[in-house]
Amino acid sequence: MKKILLYMMLVAFASIFCYADTVQAAPSAPKVEYKEKSIGDLFRGFYKTTGINAFLNPTDGLKDSSGHELSKFTQSWGRIIMFFVCFLLFYLAIKKGFEPLLLLPIGFGGLLANIPIAEIAGPNGFLGIIYGFGIESGLFPLIIFMGVGAMTDFGPLLANPKTAMLGGAAQFGIFATLIGALALSQHTSIFNFSLADAAAIGIIGGADGPTAIFLASRLAPDLLGAIAVAAYSYMALVPIIQPPIMRVLTTKEERKIRMVQLREVSKREKIIFPITILMLCVLVLPDATPLIGALAFGNLVRECGVVQRLSDTMQNALINIVTIFLGLSVGSKLAAEKFLVPNTLGILMLGLVAFSIGTAAGIIMAKIMNKFSKDKINPLIGAAGVSAVPMAARVANKEGIKEDCTNILLMHAMGPNVSGVIGSAVAAGVLLSIFK
Amino acid sequence: MQVNLVAEGFRFMILGMSSVFLFLMLMVLVLKIQAKIFERFASMPDVLPPPSKPNQTSINNNELVAVIGAAINQYKKNTRR
């Protein structure tokens, strides 16, 4: 009996393997007959597949994996220029220490994307696969937001909720830039931005990398590389861009303003906060719920205190893994044919404007609020209303200390800083809802 | 018909800024109400996990050192005899 069973199983296995063989063999293309080649032919054939040949002899009408025709310039000089752009990113990240966590992977992704023949950023290349999986689907920015939620303490905001308005005012930079981009494309012939493009460019002013990538991947995928690079570069340059604007817009007395001590926030309040904010978002703007929802989830996991392991993973392992993939796949959009166009120059320029207007609007809002309230607000913390957590808050603190070394503004600045994250997510939601 | 892009942009700005402010104002309002409610129930014990005792391990260590020391002394006395 056992023998018969064994025999039957063997037959079954054999038939499965035979079937598998036929299935595998079926879709493969008919093999090209190998012809005898002389040693000269072999070497010539090999030379044709080298990068040297690709750079020296760009072919006419060569198409990239997505069917766009590549000009001769992008195939040779364009790629070489992009190599140097990527080297510049390495320099900024390694030598200058500007946002190395992102600029390094972005730069390397850009390097890989510009390699001829290999098509690493194409749909079958590994960068293309990561891009499709994580950015086209909008997944990675949301996971980053989860990590940001798990890393952020909303306590200062809860202690002094009215500083949230500063984070709102700073979003003015987004919309001012949007108008700037539209004006550029309407009144000049160099730039050509559609409404959706302009919205994606404007979000750079929110100083929120994941939000910018999320919105750009939805509204202007072609500009994604330039937008992400501009957003992260300017976030890295916060300590250089913001202080002059802060000093111009405030007087010495205003910079010395001391703020009232923040009250203690109970644990229970911190636990309820993410749920409150999500519910508000559900009622007012469901389009922003992917971003706010991820943020709220991360923050609830952090504050509830019963899932330390999950919170730990979100703050470290998960966000690190996603940062690697996000950086590489954003870099894959730095291919020469997409980046070396006049629009990129416009985006870099507008990004800087966006940032400056956001900073200025936050400061002015603080000055306006001071006119109406008895508890004075130091206008410097208004500049922290652009998200860039926690860099912008640190800059505000540093500027305050310059005037009066006993005036610590850091915790006060964290309020507008984190509300800036919420504000830019809301702005992104509004822009998404318009283009639906 | 050609869309006047800049005018459209201004409309976006009005919608965008008002909704950002509306959302944040609503948030501030809700947070303030929430804080008031929590203040009223402040006497209730917080859901904080029991405070950890960072010194406990060092105390234990001291105890352990003392016990081991005593044991060694005892052993030395015993072997000397």
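Each chain gets a letter, A, B and so on, in the order its sequence line appears, and its residues count up from 1. All heavy atoms count here, side chains included; hydrogens, waters and symmetry mates do not.
- For the pair A/Met414/A/Asp153, no side-chain contact is recorded, criterion being any heavy-atom separation below 4.5 Å from C-beta on.
- In this structure the side chain of A/Ile377 reaches within 4.5 angstrom of the side chain of A/Met259, judged on heavy atoms.
- In this structure, chain A has heavy atoms under 4.5 Å from both the backbone and the side chain of B/Val6.
- The pair B/Lys36-B/Glu39 fails the salt-bridge criterion, with no side-chain N (NZ, NE, NH1 or NH2) lying under 4.0 Å from an Asp/Glu carboxylate O.
- Not counting sequence neighbours, the partners of A/Val307 by the side-chain contact (heavy atoms from CB on, under 4.5 Å) test are A/Val301, A/Cys304, A/Leu310.
- Contact check for A/Phe145 versus A/Val421: side-chain heavy atoms found under the 4.5 Å cut-off.
- Listed by sequence position, A/Leu280, A/Cys281, A/Val284 are the residues of residues 280-288 of chain A in contact with chain B, using a 4.5 angstrom heavy-atom cutoff.
- In this structure, A/Asn299 and A/Leu295 have side chains that are not in contact, with every pair of non-hydrogen atoms separated by 4.5 Å or more.
- A/Arg268 CZ to B/Phe41 CZ: the interatomic distance, rounded to the nearest 0.5 Å, is 9.0 Å.
- Looking only at side-chain heavy atoms (C-beta outward), A/Phe191 and A/Ile347 stay at 4.5 Å or farther from each other.
- For chain B, the nearby part of A/Ile434 is the side chain; its heavy atoms alone come within less than 4.5 Å.
- You'll find the side chain of B/Leu5 stays beyond 4.5 Å of the side chain of A/Phe193, heavy atoms only.
- The structure places CG of A/Leu223 at 5.0 Å from CD1 of A/Ile227, a figure rounded to the nearest 0.5 Å.
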Review point. Run the side-chain contact (heavy atoms from CB on, under 4.5 Å) check on A/Leu350 and A/Ile204 step by step: do they pass?
Key: CA-CA 9 Å; A/Leu350 286 164; A/Ile204 298 174; over 6 Å; no
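- Applying the 6.0 Å contact sphere to CZ of B/Phe21 captures more than 12 heavy atoms from other residues, nucleotides or ligands.
- Taking the side chain as every heavy atom from C-beta outward, A/Leu432 and A/Leu219 approach each other to under 4.5 Å.
- Taking B/Lys32, B/Met17, B/Glu8 one by one and counting their heavy-atom pairs under 4.5 Å with chain A, the maximum is reached by B/Met17.
- Contact annotation for residues 169-182 of chain A against chain B (heavy-atom separation below 4.5 Å, listed by residue number): A/Ala169, A/Gln171, A/Phe172, A/Phe175, A/Ala176, A/Leu178, A/Ile179, A/Leu182.
- For residues 194-201 of chain A, the interface with chain B (any heavy-atom pair closer than 4.5 Å) comprises A/Leu195, sorted by residue number.
- Ring geometry for A/Phe273 against A/Phe154 counts as tilted: the plane angle lies between 30° and 60°, on a 0 to 90° scale.
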Review point. Which is it for A/Gln186 and B/Asn4 under the side-chain contact (heavy atoms from CB on, under 4.5 Å) test, yes or no, and what are the steps along the way?
Key: CA-CA 8 Å; A/Gln186 194 165 27; B/Asn4 185 353; 3.3 Å; yes
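- Heavy atoms closer than 4.5 Å to chain B are found in the side chain of A/Ser185, but not in its backbone.
- Counting heavy-atom pairs under 4.5 Å between each of A/Thr163, A/Ile272, A/Leu157 and chain B puts A/Ile272 at the top.
- For chain B, no part of A/Met279 is nearby; none of its heavy atoms comes within less than 4.5 Å.
- Under the 4.5 Å side-chain criterion, counting only non-hydrogen atoms from C-beta, B/Met27 is not in contact with A/Thr276.
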